[in-house]
Chemist: 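Sharing a structure with you now.
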Amino acid sequence: MTWTVIVVLAVGAYVLKATGVVAIGVRDFPVPVRNVIALIPAAVLAALIVKDTFTSGHDLQVDARAIGVAVACVAVWRKVPLWVVIVLACAATGIARAVS
């Protein structure tokens, strides 16, 4: 990939993001639509976590990462501080990898 392609893609991404902010920012959406728009970043983040947890390349794979995510979900559900959630998930993943 050349630097020209990288620069063109970066500028294109910036223009698309700026256009979206301008287009959405000037409209007054109904409350249900605003609520859905507010939830889009969380849904995209959750989808990326699931994809990265359960795939390796193009293959479905369930391994120690799934145990780490499960421990993190339980810790978040129990309202544990974020740094503890991260430490618990890393520890669970590390232990699962060491055992297998």
Side-chain angles (χ1 to χ4, degrees):
M1 193 177 283
T2 66
W3 282 105
T4 307
V5 173
I6 293 172
V7 169
V8 168
L9 290 175
V11 169
Y14 181 78
V15 168
L16 286 173
K17 288 181 182 185
T19 303
V21 170
V22 170
I24 290 176
V26 297
R27 294 185 182 168
D28 188 28
F29 291 110
V31 174
V33 175
R34 278 187 284 186
N35 292 341
V36 170
I37 291 172
L39 293 175
I40 287 174
V44 170
L45 181 61
L48 288 172
I49 290 170
V50 169
K51 185 209 74 76
D52 286 341
T53 300
F54 296 110
T55 61
S56 179
H58 293 290
D59 300 325
L60 180 65
Q61 180 177 0
V62 179
D63 58 4
R65 296 176 293 181
I67 294 171
V69 170
V71 168
C73 288
V74 170
V76 168
W77 173 60
R78 301 292 296 164
K79 297 186 188 317
V80 175
L82 180 62
W83 70 272
V84 178
V85 171
I86 294 169
V87 169
L88 288 173
C90 291
T93 304
I95 291 169
R97 285 184 178 164
V99 169
S100 63

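Keep in mind it's a predicted model, so treat the numbers as computed, not measured. Along the sequence shown, residues carry numbers from 1.
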Chemist: Quick one: closest heavy-atom pair of Phe54 and Leu60, and the distance?
Modeler: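 Scanning both residues, the minimum pair turns out to be O-CD1, 3.0 Å.
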
Chemist: Step by step, would you call Val15 with Val11 a side-chain contact (heavy atoms from CB on, under 4.5 Å)?
Modeler: CA-CA 6 Å; Val15 168; Val11 169; 4.3 Å; yes

Chemist: Are Val85 and Trp83 in one and the same hydrophobic cluster, where Ile, Leu, Val, Met, Phe, Trp and Tyr link if side-chain heavy atoms are under 4.5 Å apart?
Modeler: yes

Chemist: If every non-hydrogen atom of Ala89 is compared with every non-hydrogen atom of Ala72, which pair is closest and at what distance?
Modeler: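 The answer is CB-CB, 3.9 Å.
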
Chemist: Sort and list the pairs that fulfil salt bridge (Lys or Arg N to Asp or Glu O under 4.0 Å) and have at least one residue in residues 52-75, not counting sequence neighbours.
Modeler: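 Only Asp63-Arg65 qualify under salt bridge (Lys or Arg N to Asp or Glu O under 4.0 Å).
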
Chemist: In Å and rounded to the nearest 0.5 Å, what is the CD1 to CG distance from Ile86 to Leu82?
Modeler: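 Answer rounded to 0.5 Å: 4.0 Å.
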
Chemist: Run the side-chain hydrogen bond (donor to acceptor under 3.5 Å, both in side chains) test against Thr55 and tell me which residues pass, sequence neighbours left out.
Modeler: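 Once residues adjacent in sequence are excluded, Thr55 has no partner under the side-chain hydrogen bond (donor to acceptor under 3.5 Å, both in side chains) criterion.
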
Chemist: Verify the cluster assignment for Val80 and Val71: are they in a single hydrophobic cluster under the rule of side-chain heavy atoms below 4.5 Å apart?
Modeler: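 Cluster IDs for Val80 and Val71 match.
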
Chemist: Could you pull out every donor-acceptor pair under 3.5 Å between side chains of residues 44-51 and any protein atom, sequence neighbours left out?
Modeler:
none

Chemist: Which heavy atom of Ala75 sits nearest a heavy atom of Leu88, and at what distance?
Modeler: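 Shortest heavy-atom contact: CB-CD1, 4.1 Å.
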
